[in-house]
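In what follows, chains are A, B, ... by sequence order, proteins preceding strands, each numbered from 1. Here the structure is a predicted model, which means the values were calculated and not measured.
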Amino acid sequence: MNQADLTARCLDAALSVILEKETELAYLDSVAGDGDHGAGMARGFRAVVASGAGSSTAGEVLAKAGMAFSNAAGGSSGALVGMYLMTLGMNLSGEITRAAQLHTALLKAQEAVMKLGKSQAGDKTLLDTLVPFTTAYGEAASAGASLTAAWLSALGAARAGMESTRDMISKRGRSAVLKERSLGTQDPGATSVYYVLQAAGDVLQSHCPQ
Amino acid sequence: MTKVFNNPLDFREQMLDGFTAAYSRTIERIRDASGVMVRGGPTAGKVAVLIGGGGGHYPLFGGLVGKGFATGAVMGEIFTSPSAEQCYRCAKAVDGGAGIVFAYGNYSGDVMNFSMATMRLKLEGLDVRQVLVTDDVASSTDVDSRRGVAGDFFVFKVLGASAWRGDSLDTVEALGRRANAMTRSFGVAFGGCTVPGQGQPLFTVAPDQMELGLGLHGEPGVETSKLLTAQEVSGLLVDKLLSDIPRGAGTRAAVLVNGLGATKYEELFVLYSDMHRRLSAAGIETYKPIVGELATSLNMEGCSLTLMWLDKELQALVDAPAETPAWTNY
């Protein structure tokens, strides 16, 4: 399978997992938000899947996906996840031959989200999943792991990051106004991003084990 | 509970469709975008004012588009900011070649999406300014971090009137900022609202209680109180605003007593009977008070009081004629 198709397959899996978890995401968001996080993510990934055809590289697939996501989802998640995918795509040109290439793109995408959302890890956002994921991925890649192996090994850090949001008080977005109300509940953005990373890992494992 | 809908996924589109069909005498749909603009499109040489935000707040945002008011509105899903792409498309549609002002309430999603659209338009050489509404005194002690609530109405009116009389982009922006700086709101809620298609209300308030300072999307306020009488509510709202008078304010203020959706006109008039007395007793000249639903939150029970402290110029812009689906000034 070529890399464009493989990337599209990962995005299909992202839509499936978001649809499967939509109720759980809605619940997490209802504690300190307006309960529409699952619906927004589903709206975004539906548009991503519909936009998939006609790209020749992984980067192109992701850049298009980012635009489609941000346009369809709206809201903060639309802007942030859309920006993430778009930046990731724009920083992956041609064929990915080394795991480190993806690490550079992951870092750029993460920085773009930090800048747009004016936030960082610890603020109870999707960055609490993304930042440890990217760090762990980078460490595995520089230790010589393949892209798939590095991705899979970083999921543990991503999960721990997601779970750490339970004990955080939100500093950004609508839930920030609610302060303590968000304490004890995992951040919906950190959660949906973890599910997407995990779903993409499953695809990589079955179609590109090396 | 919101009971009238088909597939909840189609709610925004079907709402927009009915809205434009009903008010084609004043507005028209922006093609290929989630928004509306003044009928016939922008006037060449005039500054365009594009307002916008999430849905569920009618007449915000589309209901305030028309001659003398906003040039256009970009409208998102229920309580979800419109995407940057939609802001961009609507901005292109309303551009009259004299610059664009984006005006919206200060919420993180709106800030991100409007700012991304602004960057893109600037790259294309358009002059775009942003005026954020920050009138809700309950949301923060830092004036610039406050969120926008019913004060949107006055700030948009000032921006729209200034643009329509042909002011320059700098002037329109400056007047919009001044209107925002002079506008304060405080609200209370008695019950939550339900997003179409969801089985549960977004939040609930116990029947014998009320929330002070609650936001338009159920963001909790400063405190929960036992349910007060109308006189006590009116006293509370007036006192909150009189303890947060902006620097430079005179003694005359435009007044909006706003219902959030399920608190009705008669109740608002009962409130206003007492508010009017209190404001007069405090030496404030109430200017053309408005009692009605100008910034709602679906079927939320609650109300707010907004004061825009007037000077001559702001007053003239309040007085200027306007014709929109929801608001007409002759």
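- Within the 4.5 Å cutoff, the side chain of B:Met112 has no heavy atoms near those of the A:Met83 side chain.
- Contact of B:Gln86 with chain A is made through backbone and side chain together, with heavy-atom distances under 4.5 Å.
- With a 6.0 Å radius and a threshold of 12 heavy atoms from other residues, nucleotides or ligands, B:Asp32 has its CG atom at or below the threshold.
- Heavy atoms closer than 4.5 Å to chain A are found in the side chain of B:Leu9, but not in its backbone.
- When side chains are defined from C-beta on, A:Asn71 counts as touching B:Arg89, because their heavy atoms get closer than 4.5 Å.
- Contact detail for B:Asn113 and A:Ala79: the closest heavy-atom pair is OD1-CB, 3.6 Å.
- Under a cut-off of 6.0 angstrom, the local environment of CE in A:Met90 is sparse, with at most 12 non-hydrogen atoms contributed by other residues, nucleotides or ligands.
- Of all heavy-atom pairs spanning A:Ser76 and B:Ser108, the tightest one is OG-OG, 3.7 Å.
- In terms of heavy-atom pairs under 4.5 Å with chain A, the best-connected choice from B:Gly109, B:Ser145, B:Ser140 is B:Gly109.
- A 6.0 Å sphere centred on OH of A:Tyr27 holds no more than 12 heavy atoms belonging to other residues, nucleotides or ligands.
- Expressed to the nearest 0.5 Å, how far OG of B:Ser83 lies from CZ of A:Arg43 amounts to 10.0 Å.
- Heavy atoms of other residues, nucleotides or ligands lying less than 6.0 angstrom from CE of A:Met1 number more than 12.
- Proximity to chain B is limited to the backbone of A:Ala73, based on heavy atoms less than 4.5 angstrom apart.
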